[in-house]
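These figures come from a predicted structure and were not determined experimentally. Note on naming: letters A, B, ... go to the chains in the order of the sequence lines (proteins, then strands), and numbering restarts at 1 for each one.
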Amino acid sequence: MKLQRRSLPTVFALAIVVLSIGCKKESFEIRDVDPGKAGVVRSLGPESQDARRVAELMVRSLLADPTIAASDYPPTIAMLPMENNSRFPFNKDIFTTLLEAELNKAANGRLRFVARDILDDVEAERQGKREGDLDYDPTRRTRALAGVDYFLKGRVDGQSWASSKGQAEYAVYAFRLIDAESSIVLWQDVMDVKKEGKDDVIYR
Amino acid sequence: MLLLLAACATQPGPSLPPGFEMVEPPEPLAPRFEKMRTEGVRNWVLNLQELAVDALYLGDRDLATMALDEAIVQIEVIYGDSEQARLARSAFYKENSKIFKGDPYERSMTYFLRGVLYMQDREWDNARACFRSAAFMDAFAEDEQHKADWALFDYLIGVCEVRLGDASSADDAFKRAAGTYSRFAESYEALSAPLGIGGKSRLAGFAELPDFTRQDNLLVLTLQGYAPRKVGVGRFGEYIGIEPGGGVAGPPKVRVGSRQPELVRTVDSVYYQAVTRGGRELDRILGRQAQFKGTAEDAGEVSTHLGVWAMGAGLEGHNKDVVAAGALLTLLGIASYGVASTVQPEADTRYWGNLPDALGMYRTAYPAGEIPVEIVFPGGGAVKKETALIQTLHLEENELCVVLAIEYPGPFACLPPGAAVTAAEPAAEPLPTATY
């Protein structure tokens, strides 16, 4: 087909449109994503979907355990800080906060957590009530702060490898329920994650 | 149309890293923020690294922490076969068009500084994680002999293990550190003596690293001298060369309370780490690009010269065919030059400009109380003058106080929150400016 001179501007405009579409970048400013799924921005370290999966697994496993399921009364538990034994510095509170909240929600009163992180505030409140500075219901008075039946303690252990073929990271997330009187481990479960990645040659 | 094509390859626009839009920078750091915004994501890591040191210098631990955290997030991003990476690999784009993550030694130092801040906050497990990553970053070095050979990182892992109560893991870490340290002292002397930037005798090379016990309540980490510089070497600057930023004349001294001054042990050198990383895979690609550019330039030169000569000879002899052949050769030569000029094999020579060179450590157990601590940098190396830092610290029994003392441009010290009884004299020197 012979190209008419007057159709040249149309062809040129079409080329611009095609090129514009072709070079459209997959960029975004901010968007909401599902924290339970791996996003576009990935890391070989702990990610949100790992925290969610760990919490889900531990909630199901712990609530099904006879220590909780067959208990005659709602046991009290203190969540201890998680220990990070991997090569990734991360906010450990994400794991413990998520797990504690999910446990509280799913347990529906079958267990209770003590808030040891605000001990100073509780002490000050008790003192204010007892000294008459603050009003309170005397029938709700307790002799002392609540002791715990169990400690819930988590840790993550990691192992890293690197070679010309890429990087690999293996992480084992473990939580234990420990008897606060005897130190006997009454329940334990783990979840492991292995991730591999390879940076472009320009970064190797 | 060409403009449109060029626009396709442009970098993302100016922006600050996530969270930094909300930060009101201290006045001296406003230019650094503006630079970080202007240079955008391509230089985020580099600007965050330099911002962290500047913030420490100004005593802004929170900002330094934020900068290091974000730098680590960016360093850990895996750029697989991304568009950015593809462009940086292309013969028609300079390597420095890529997003900067730094060389292994720069990534290691990012984790090291963050680890020290975690130590000061007594988050021993996250500090240990940082030192492990600092050591792991060096595992990307191509030179097998020098992979993961920072003695200080293993030593600090051991310190964290002691604080976490794991004696067995602490022993393992101290053994690794001792092995690396014994090799470092010899290698560093051989490497640096010809350059006059250090050497075993000048660094007061102790035979062994000191034991660290749970009773130790003061750990001083010193950073001395200037960062190494990256320069382009080769015909087109296609390889990275490392030049010493300036050495040190000797180790610092620490005087605690009424004791006599004691020498700090120089354990690692950033320059040493930079030069022992080995070649990169990318060097081979850039080398081929440089070879192509060189061949095209040479061919262009020969062809143009021959063409001009042939045209001259043809005109003199009134031979149109020779003139035409000469013209064709000249055109080919110019075209070859044109092709050569589009190939850009220059290596990326951006570098972390306000890093130190020598890393030292000193530990001791001292009775609890408000104790004056003096740290003296001897001068005579890259930093000419002797400088001293005097501070009264709260030392507690069985609680470790970690002090990070930096010679340049101060001296200045980064202390754990609440550790200082008296503040150090504010540093009079201006903030350093990086050149790359």
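Ion pairing of A/R42 with B/E76 is absent here, as no side-chain N (NZ or NE/NH1/NH2) approaches a carboxylate O to less than 4.0 Å.
In A/D133, the CG atom is crowded: over 12 heavy atoms of neighbouring residues, nucleotides or ligands sit closer than 6.0 Å. Counting heavy atoms of neighbouring residues, nucleotides and ligands inside a 6.0 Å radius, atom CG of A/D121 exceeds 12 of them. By the neighbour-count criterion of 12 heavy atoms within 6.0 Å, atom CZ of A/R112 is sparsely surrounded, having that number or fewer from other residues, nucleotides or ligands. Applying the 6.0 Å contact sphere to CZ of A/R126 captures more than 12 heavy atoms from other residues, nucleotides or ligands. Applying the 6.0 Å contact sphere to CD of A/E181 captures no more than 12 heavy atoms from other residues, nucleotides or ligands. Atom CG of A/D34 is surrounded by more than 12 heavy atoms from other residues, nucleotides or ligands within 6.0 Å.
Here the side chain of A/S43 pairs no donor or acceptor atom with the backbone of B/V77 at under 3.5 angstrom.
Nearest heavy-atom pair, B/N126 versus A/N84, reported as atom, atom and distance to 0.1 Å: OD1-ND2, 2.8 Å. Nearest heavy-atom pair across B/F136 and A/W161 is CZ-O, 3.7 Å.
Within residues 161-170 of chain B, the residues approaching chain A closer than 4.5 Å by heavy atoms are, in numerical order, B/L164. Of all residues spanning residues 88-101 of chain A, those with a heavy atom less than 4.5 Å away from chain B's heavy atoms are A/F88, A/P89, A/F90, A/K92, arranged by number.
B/R128 and A/N85 are linked by a side-chain donor-acceptor pair at a separation below 3.5 angstrom, with hydrogens and angles left out of the test.
In this structure, the portion of B/Y118 lying under 4.5 Å from any heavy atom of chain A is its side chain and not its backbone.
A distance of 7.5 Å separates OG of A/S86 from CZ of B/R132, quoted to the nearest 0.5 Å.
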